[in-house]
2 protein chains.
Amino acid sequence: MDVLNLMRRHGIQPTPQRLAVAEHVLSARAHLTADRVWERVRRKCPTVSRATVYNTLNLLVKKGLLRTQILKEGTVVFDSHVEAHHHFVDVQTGRIYDIPWNAIRVSGHAALRGFDVREYQVILRGRRRAK
Amino acid sequence: MDVLNLMRRHGIQPTPQRLAVAEHVLSARAHLTADRVWERVRRKCPTVSRATVYNTLNLLVKKGLLRTQILKEGTVVFDSHVEAHHHFVDVQTGRIYDIPWNAIRVSGHAALRGFDVREYQVILRGRRRAK
DNA sequence: TGGCGGAATAGACTATGTCTAAAACACGAC
DNA sequence: GTCGTGTTTTAGACATAGTCTATTCCGCCA
């Protein structure tokens with residue numbers, strides 16, 4: 001995937017630091033926290049500052065390349081899967097799994113009086129099974 | 001409601017501090033953060049320490065009188081409504097509303113291969129209407 | 001070469017939450 | 001009553017997440 005062009009097409013001025021962050025976070029299949037991204041990007045590019053990582057992640061969110069999800073205590077995680085979907089959280093490991101939108105059906109949300117629902121998702125918690 | 005007996009029945013040694021915390025958080029219809037509880041309890045009982053409020057809230061959770069919910073960035077909120085239900089978050093005000101379990105139906109979660117789902121809820125985001 | 005504007009940097013700052021060591025307290029044995 | 005043991009409370013240190021600010025850096029254009 002050509003992250004450089006992806007960035008340009010979304011109106012993001014590419015810089016080496018931004019590219020390093022974007023490449024890491026967009027290719028990660030896990031749901032990373034900002035500091036975890038910083039940790040990893042620094043391995044390739046040890047001079048990158050924490051502020052730049054935070055700024056870049058927030059920029060990627062604003063430009064629609066990334067979404068934030070509130071699934072863990074105390075921290076936001078970044079999800080490169082930007083289309084609507086659900087989440088499963090393993091209560092032991094903390095690991096987060098994407099659940100395809102069509103795997104679960106929700107009904108009744110449209111009939112709620114007094115609430116203008118713009119988006120929703122199901123959050124499931126439990127244990128991942130061997131298979 | 002007799003919070004004192006409620007605590008005793010749940011195996012919590014009552015103390016003045018614990019009682020003050022429990023009375024506040026159990027009667028609140030809003031979803032409070034720990035520091036918000038501290039703030040309020042201190043108005044009645046100015047010597048209570050932050051650690052005690054945190055300890056008490058965690059104890060109430062452990063004993064099943066309270067639940068934590070992960071709905072806002074950066075902080076946990078405490079919910080005195082311990083039975084299963086869903087949540088609506090107003091994206092402007094940040095206010096959280098409980099949605100009764102029966103108002104929304106979810107299907108398909110039992111058929112997920114490889115996931116042992118212990119609990120789930122729907123999180124809705126949007127705007128509360130005047131109504 | 002000089003200047004301009006955006007980006008990156010270090011570090012300060014705030015907030016949430018946990019932990020630790022010491023003091024306070026409750027309660028039973030004597 | 002006094003002592004000793006347990007548990008609770010307390011203040012403050014610590015850890016982590018996240019934002020902000022002031023300065024430096026860098027690319028680009030005249």
Side-chain angles (χ1 to χ4, degrees), chain A residues 3-4 7-8 10-25 30-42 44-63 65-79 94 96, chain B residues 3-4 7-8 10-25 30-42 44-63 65-79 94 96:
Chain A
V3 175
L4 187 68
M7 286 174 74
R8 284 208 254 254
H10 282 78
I12 300 173
Q13 195 65 249
T15 68
Q17 293 90 336
R18 287 176 175 177
L19 197 56
V21 171
E23 274 172 353
H24 258 86
V25 79
H31 297 70
L32 302 173
T33 65
D35 279 320
R36 205 141 203 71
V37 173
W38 184 38
E39 217 176 74
R40 295 191 182 195
V41 169
R42 257 189 310 176
K44 296 244 167 177
C45 186
T47 65
V48 179
S49 73
R50 206 163 78 105
T52 297
V53 172
Y54 274 82
N55 287 341
T56 302
L57 290 171
N58 289 335
L59 184 64
L60 291 171
V61 169
K62 203 171 83 178
K63 297 298 190 176
L65 282 171
L66 217 54
R67 283 189 61 167
T68 57
Q69 295 286 348
I70 301 173
L71 297 167
K72 305 185 134 177
E73 287 193 12
T75 182
V76 149
V77 295
F78 292 88
D79 194 344
I96 297 163
Chain B
V3 175
L4 187 67
M7 286 173 76
R8 284 208 254 254
H10 282 78
I12 299 173
Q13 195 66 249
T15 68
Q17 293 89 336
R18 287 177 176 175
L19 197 55
V21 170
E23 275 173 351
H24 256 87
V25 79
H31 297 72
L32 302 173
T33 66
D35 279 321
R36 208 140 201 73
V37 173
W38 184 38
E39 216 175 74
R40 295 192 183 194
V41 169
R42 256 189 311 177
K44 296 244 166 178
C45 185
T47 66
V48 180
S49 74
R50 207 164 76 105
T52 296
V53 172
Y54 273 82
N55 288 340
T56 302
L57 290 171
N58 289 335
L59 185 63
L60 292 171
V61 169
K62 203 171 82 179
K63 298 297 189 177
L65 281 171
L66 217 53
R67 283 189 63 168
T68 57
Q69 294 287 349
I70 301 173
L71 296 167
K72 304 185 136 178
E73 286 194 15
T75 182
V76 149
V77 296
F78 292 88
D79 194 344
I96 297 164

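Residue numbers begin at 1 in each chain, while the letters A, B, ... track the order of the sequences. Here the structure is a predicted model, which means the values were calculated and not measured.
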Practice problem: Report yes if at least one side-chain N or O of Thr75(A) is closer than 4.0 Å to OP1 or OP2 of dG18(D); otherwise report no. | Solution: yes

Quiz item: When you measure from the side chain of Arg50(B), which nucleotide among dA8(C), dT10(D), dG17(C) comes out closest?
Solution: dG17(C)

Quiz item: How many angstroms lie between atom CZ of Arg40(A) and atom SG of Cys45(A), to the nearest 0.5 angstrom?
Solution: 16.0 Å

Quiz item: Roughly how far, to the nearest 0.5 Å, is the CG atom of Leu57(A) from the CG atom of Leu65(A)?
Solution: 11.5 Å

Practice problem: Take the protein atom CG of Leu19(B) and the nucleotide atom C1' of dT9(D), then report the distance between them rounded to whole Å. | Solution: 16 Å

Quiz item: Met7(A) has an atom CE; how far is it from atom P of dA7(C), in whole Å?
Solution: 10 Å

Exercise. Grab the CD-P distance between Glu39(A) and dG18(D) for me, whole Å please.
Key: 13 Å

Quiz item: Just to confirm, is there a sub-4.0 Å distance from OP1 or OP2 of dA8(C) to any side-chain nitrogen or oxygen of Ser49(A)?
Solution: no

Quiz prompt | Closest-nucleotide ordering on DNA chain D, the 5'-leading residue of Asp35(A) and Thr56(B) | solution = Thr56(B)

Exercise. Report the glycosidic orientation of dG18(D): syn if within 90° of 0, anti in every other case.
Key: anti

Practice problem: Figure out the NZ/P separation between Lys72(A) and dG18(D), and round it to whole Å. | Solution: 11 Å

Quiz item: Can you tell me how far P of dA8(C) sits from CG of Leu57(A), to the nearest Å?
Solution: 12 Å

Practice problem: Using Watson-Crick or G-U wobble geometry with both distances below 3.5 Å, tell me the partner of dT9(D), or none. | Solution: dA22(C)

Quiz item: OG1/Thr75(B) to CG/Leu32(B) distance, rounded to the nearest 0.5 angstrom?
Solution: 10.5 Å

Exercise. Would you give the length of the straight line joining atom CG of Leu4(A) to atom CG of Leu19(A), rounded to the nearest 0.5 angstrom?
Key: 5.5 Å

Practice problem: Could you let me know what dT24(D) is paired to, Watson-Crick or G-U wobble, both distances under 3.5 Å, or none if it's on its own? | Solution: dA7(C)

Exercise. Please test Arg18(B) against Thr52(B) for side chain to side chain contact (heavy atoms under 4.5 Å, CB included), starting from the C-alpha separation and ending with a verdict.
Key: CA-CA 8 Å; Arg18(B) 287 177 176 175; Thr52(B) 296; 5.6 Å; no

Practice problem: For dT19(D), take OP1 and OP2 only and decide whether either is under 4.0 Å from a side-chain N or O of Asn55(A). | Solution: no

Quiz item: Once you round to the nearest 0.5 Å, how far does CG of Leu60(A) lie from NE2 of His10(A)?
Solution: 9.5 Å

Exercise. Look at Tyr54(B) and dT18(C) and indicate whether a side-chain polar atom (N or O) is within less than 4.0 Å of OP1 or OP2.
Key: no

Exercise. Please state whether the phosphate of dT9(D), meaning OP1 or OP2, lies under 4.0 angstrom from any side-chain nitrogen or oxygen of Thr47(B).
Key: no

Practice problem: Would you give the length of the straight line joining atom CZ of Arg42(A) to atom CZ of Arg50(A), rounded to the nearest 0.5 angstrom? | Solution: 9.5 Å

Exercise. Under 4.0 Å from any atom of DNA chain D, heavy atoms only: list the residues of residues 10-18 of chain B that qualify, in numerical order.
Key: Gln13(B), Thr15(B), Gln17(B), Arg18(B)

